[in-house]
Amino acid sequence: MFCKIIPQAHCLIVERFGRPVRVAGSGLHFFVPFFETAKDVTRGWGNLANKDGIFIELSEQMRDTKARAYFTKDNVQVSVDCLYRWRITDPIKAVYEVDDLHKTLMEVVLAEVRSFVGANELNYLLTSRSTFSDHVATAVADSATKWGITIVSVEIQRLEMDAATKDTMRAQLEASRTGVAMKLAAEGEAEAIRLKAEGEAAALLARANAEKQAAILKAEGDMQATALRAEGEQRYLQLLTETVGVDSAAKILLAQKTFDAYQKIANGNASKVYMETPLMPTLDMIVSKSQVVEKS
């Protein structure tokens with residue numbers, strides 16, 4: 001009998017005459033000499049996921065695929081570097097179901113990356129990294145399950161284009177930014193013109209309303225003045241009629257109108273004035289009117 005202490009989060013495959021008979025977990029284990037031996041996995045695994053060649057690690061493992069060149073659906077060369085995490089859940093399958101676990105697993109990951117890149121265009125890959133990662137992880141998980149492995153995650157760490165594509169995309173980006181700036185400037189100018197037009201229209205409307213209101217007020221004032229003037233003339237005529245009688249009042253009013261007409265003619269710019277009716281009778285009527293008023 002001999003014994004081995006297996007570290008925590010490790011296991012050991014016990015073989016009997018080259019055939020696996022059990023998996024020993026962490027702790028102290030006893031083995032039958034000559035009949036039972038520990039499986040050495042370094043031949044296919046090297047120093048990956050094991051310790052001392054016989055202790056298989058059950059903790060989460062991580063590997064980097066390094067940058068690899070692929071071509072997209074629109075024939076653009078891209079460099080993709082991804083990181084995948086996995087864990088051994090069935091050591092027997094991991095050792096005996098596949099010849100070289102680590103190499104095969106990486107080839108499957110790279111094959112899925114190549115397939116996804118080739119099936120999609122560059123713009124989609126640049127904007128859908130999470131979808132890219134989830135697709136690769138799901139596709140690899142189907143194959144990994146047969147080998148006693150659980151895929152924890154796949155992360156696309158870097159996705160880069162070649163220099164020519166970078167220059168083209170940079171030029172497109174600059175052109176797009178310039179176009180957006182010009183569009184914003186044009187929209188701003190159009191908005192300024194619209195606001196100016198609205199302001200001018202509002203000013204014209206306000207001016208028109210003010211002129212209309214002024215015309216209304218002036219018309220109302222003229223109407224009130226005319227009404228007051230008519231009322232005054234009516235009152236004057238009434239008093240004059242009551243004082244001198246109807247006939248005399250008519251003569252006095254006629255004389256006033258005649259005198260006003262002569263006054264307007266005299267104030268005109270004409271150098272000569274011809275009058276058909278003598279002025280004196282009119283003046284006599286006005287004087288007579290004054291005397292009558294004084295006597296009364």
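Owing to the predicted nature of the structure, the values given are computational and were not obtained by experimental measurement.
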Do [X] and [Y] land in one hydrophobic cluster if side-chain heavy atoms of ILVMFWY residues count as linked below 4.5 Å?
X	Y	answer
M161	V80	yes
V76	L126	yes
V41	V23	yes
W45	M106	yes
I6	V21	yes

Spacing of [X] atom [atom1] and [Y] atom [atom2] [to the nearest 0.5 Å]:
X	Y	atom1	atom2	answer
E107	S143	CD	OG	12.5 Å
N75	L122	CG	CG	11.5 Å
H135	E112	NE2	CD	5.5 Å
E57	I88	CD	CD1	8.0 Å
C82	Q157	SG	CD	8.0 Å
L228	R235	CG	CZ	15.0 Å

Can you see which heavy atom on [X] is nearest to which on [Y], and at what distance?
X	Y	answer
A9	S26	N-CB, 4.3 Å
A137	I151	O-CG2, 4.3 Å
D74	E121	OD1-CA, 3.7 Å
A69	Q77	CB-NE2, 3.5 Å
A119	K73	O-CD, 3.7 Å
P91	I13	O-CD1, 3.7 Å

Does the side chain of [X] reach to within under 4.5 Å of the side chain of [Y], using non-hydrogen atoms?
X	Y	answer
L110	Y70	yes
S115	V136	no
T65	D81	yes
I149	L101	yes
V113	R68	no

Is it true that atom [atom1] of [X] has more than 12 heavy atoms of other residues, nucleotides or ligands lying nearer than 6.0 Å?
X	atom1	answer
R43	CZ	no
L204	CG	yes
F17	CZ	yes
D99	CG	no
E189	CD	no
E191	CD	yes

I would like to know whether W147 and T104 meet side chain to side chain contact (heavy atoms under 4.5 Å, CB included); could you show each step before the answer? CA-CA 10 Å; W147 305 327; T104 305; 3.4 Å; yes
Are H29 and L12 close enough, and set up right, to give a side chain to side chain contact (heavy atoms under 4.5 Å, CB included), and what steps lead you there? CA-CA 10 Å; H29 291 268; L12 182 147; over 6 Å; no
SB check E36 R16 (cutoff 4.0 Å): yes
With the threshold set at 4.0 Å, does a side-chain nitrogen-carboxylate oxygen contact exist between R207 and E211?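 Salt bridge: no.
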Excluding sequence neighbours, so at least two apart, what forms ring-ring contact (aromatic ring centres under 6.0 Å, His included) with Y96?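 By the ring-ring contact (aromatic ring centres under 6.0 Å, His included) rule, Y96 matches no residue at all.
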What's the verdict on side chain to side chain contact (heavy atoms under 4.5 Å, CB included) for I56 and V95, showing C-alpha distance, side-chain angles and the deciding distance? CA-CA 10 Å; I56 299 173; V95 173; 3.8 Å; yes
Taking the inter-plane angle between the rings of H102 and W86 on a 0 to 90° scale, is it parallel (under 30°), tilted (30 to 60°) or perpendicular (over 60°)?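 Geometry flag for W86 against H102: tilted rings.
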Parallel, tilted or perpendicular: which fits the ring planes of F116 and Y124, with parallel below 30° and perpendicular above 60°? tilted
Look at the side chain of [X] and the backbone N and O of [Y], then say whether any donor-acceptor pair between them is shorter than 3.5 Å.
X	Y	answer
H10	Q8	yes
T72	V117	no
D52	I54	no
N50	L48	yes

Determine, step by step, whether R194 and E198 satisfy the salt bridge (charged side-chain N to carboxylate O under 4.0 Å, His left out) criterion, reporting the C-alpha distance in whole Å, the side-chain angles of both residues, the deciding distance to 0.1 Å, and the verdict. CA-CA 6 Å; R194 184 184 67 81; E198 289 180 355; 2.4 Å; yes
Taking it one step at a time, do Y84 and V108 satisfy side chain to side chain contact (heavy atoms under 4.5 Å, CB included)? CA-CA 11 Å; Y84 60 93; V108 171; over 6 Å; no
